[in-house]
Amino acid sequence: MELKNISAFLKAQIEAYHVQPIAYHRGIVTRVGDGVVRVEGLPGRLYGELLEFDGGVYGMALDLTENGVGAVLFDTADAVCVGCRVRGTGTVAETPVGDVLLGRVIDPIGRPLDGKPLQADRFLPVERPAPAIIDRRPVDKPMETGILAIDSMIPIGRGQRELIIGDRQTGKTTIALDSILNQKNSDMLCVYCAIGQKASTVAGVIQTLRNAGAMDYTVVVSATASDSPAMQYLAPYAAASVAEAFSAQGKDVLIVYDDLTKHAVAYRTMSLLLLRPPGREAFPGDVFYLHSRLLERSACLSKEKGGGSITALPIVETMAGNISAYIPTNIISITDGQIYLESELFHADVRPAVNTGLSVSRVGRAAQHDAMKAVSGTLRIDLSQYREMAVFTRFGNDLDASTKKMLRRGETLINIFKQDKNHPLSVFDEVVLLLAYNENCLEAVPARNMRGAMQKLIAVIGGACPGERERILQTGKMSDADKAALTAALHEKQEEYTS
Ligand code: ATP
Ligand code: MG
């Protein structure tokens, strides 16, 4: 560039340069401890406003009083000390949203955790109001989990909130993950929110999702046990905002909160440090609202609002099977049903360890494929009759033929419900297995061979009836003719798959 051009260029740049003064309120930190700070000054803050401290540390204003602000810090509190200056940013915490997030792992305020840069162009506040009554419609489409015991007896619909509850190490996360894996060939997007878990556990979950190719349609929002309580508190709300952005585009979204017990504990920590009065189990008074406002954001939206939906699978951990503790009862009363997992069943090798007696889905049959409805009608009754009989028969073994038959059927059903992790079944597989049970085709198979026989059955019948298979997979419906053809094939090929 010539000299003249350079000076003209510089002149133009200088003329175009305008310094805009930025006016902001400033406060001074007067107390710091355990990730909580008190700030003097700083009037006119919003509840939940982001605060910027000297040194680039961020926090959130949660306690607004006449002469100061109580705030929680997002990062380790090293850089913040008494006397530090604080600036209000005028905005509440936000998270990036949109398709760029698919396949990514982020923290609640949108910083990527997978080592790659993130270029987001849309942001939403983490706290947003739930859809109004008028904007909702009833849940009527199934959300297939691919887990036979759940899809047949505790059906989950798109837009429903189904709690997964159980002691530690009972397979809670596995059920949620299998549900995500099963969405591979559906149109659903998934959000997995890890709250207060070990970083190694979260890494394991992400690896499982990657190996199964499920990260293509999944976003992971994570605040691990080493993150500040404020981050853990924000995580589920941020994840809900990510899901809402998808559902506003008319998509169906599945969101997993793993787990809300740790979320409540993080909130308790924050509240106690902010000197809020403790209530039952030392939780603050508003712990019910903490989860109700989160779970109300999952909904099935009306046609006018795009017809999207958010299905929530919150997870709650109980202590020694005590589902009447404070947090479990709260969340049971908010959700539309629960899947109750039991350690005893888990250790007796009944996996998934679903206790079908205590598990319910309050949306029920409206959210089930017609084909599944046709074959799953009597399962619950069969199981409860079996349980009742099994207790009596422990005392003696002179049983009449009909009781023996009932016991054998019950045992067969329990064995059919056993399912390996990360092996979700398609609707066709599930329907055929239950049809085989209804037709007593699997009763002669010993328990140890059941898994192999089931796999063979699915392959053999799928091969013998490709037209029926396709129709059930496409429409979820089974006509009388299809049912007759499948039943005939089941009897005809019984030798093949039971041998
Ligand atoms: P935590 O309380 O630690 O979060 P959790 O209830 O989420 O535990 P998982 O981590 O899902 O339980 O499962 C516990 C263990 O049981 C894991 O090692 C998992 O591999 C195993 N497991 C879970 N479900 C099954 C299954 N259907 N078949 C075989 N193994 C299973
Ligand atoms: Mg878990």
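In each ligand, atom 1 is the first atom listed, and ligand 1 is the first ligand listed. Just so we're clear, the structure is a prediction, and the values are computed from it rather than from any experiment.
At a threshold of 4.0 Å, the pair K172-D259 does not count as salt-bridged, since none of the basic side-chain nitrogens sits closer than that to a carboxylate oxygen.
A donor-acceptor distance shorter than 3.5 angstrom exists from the side chain of S228 to the backbone of F74, with no hydrogens or angles considered. With hydrogens and angles disregarded, a donor-acceptor distance shorter than 3.5 Å links the side chain of K456 to the backbone of S499.
Around the Mg ion (ligand 2), protein N, O or S atoms at less than 2.8 Å number 1.
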Mind running side chain to side chain donor-acceptor pair (under 3.5 Å) on Q160 and S361 for me, showing each step along the way? CA-CA 9 Å; Q160 189 181 347; S361 166; 3.0 Å; yes

Give me the pairs of N or O atoms, one from ligand 1 and one from the protein, that sit under 3.5 Å apart.
from     : atom 1 : to   : atom 2 : distance (Å)
ligand 1 : 2 (O)  : Q169 : N      : 3.0
ligand 1 : 2 (O)  : K172 : NZ     : 3.1
ligand 1 : 3 (O)  : Q169 : NE2    : 2.8
ligand 1 : 6 (O)  : Q169 : N      : 3.4
ligand 1 : 6 (O)  : T170 : N      : 3.1
ligand 1 : 6 (O)  : G171 : N      : 3.2
ligand 1 : 6 (O)  : K172 : N      : 3.1
ligand 1 : 6 (O)  : K172 : NZ     : 2.7
ligand 1 : 7 (O)  : T173 : N      : 3.0
ligand 1 : 7 (O)  : T173 : OG1    : 2.6
ligand 1 : 8 (O)  : Q169 : N      : 3.2
ligand 1 : 8 (O)  : Q169 : NE2    : 3.4
ligand 1 : 11 (O) : T173 : N      : 3.4
ligand 1 : 11 (O) : T174 : N      : 2.9
ligand 1 : 11 (O) : T174 : OG1    : 2.4
ligand 1 : 12 (O) : G171 : N      : 3.0
ligand 1 : 20 (O) : K421 : NZ     : 2.6
ligand 1 : 27 (N) : Q419 : O      : 2.9

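Rounding to the nearest 0.5 Å places CZ of R168 at 14.0 Å from CG of L341. Put simply, NZ on K141 and CZ on R158 are 4.5 Å apart, with the number rounded to the nearest 0.5 Å. In this structure, CG in D252 is found 3.5 Å from OG in S309, a value given to the nearest 0.5 Å. The structure places CD of E468 at 10.5 Å from CD1 of I461, a figure rounded to the nearest 0.5 Å. Separating the NZ atom in K251 from the CD1 atom in I310 is a distance of 12.5 Å, to the nearest 0.5 Å.
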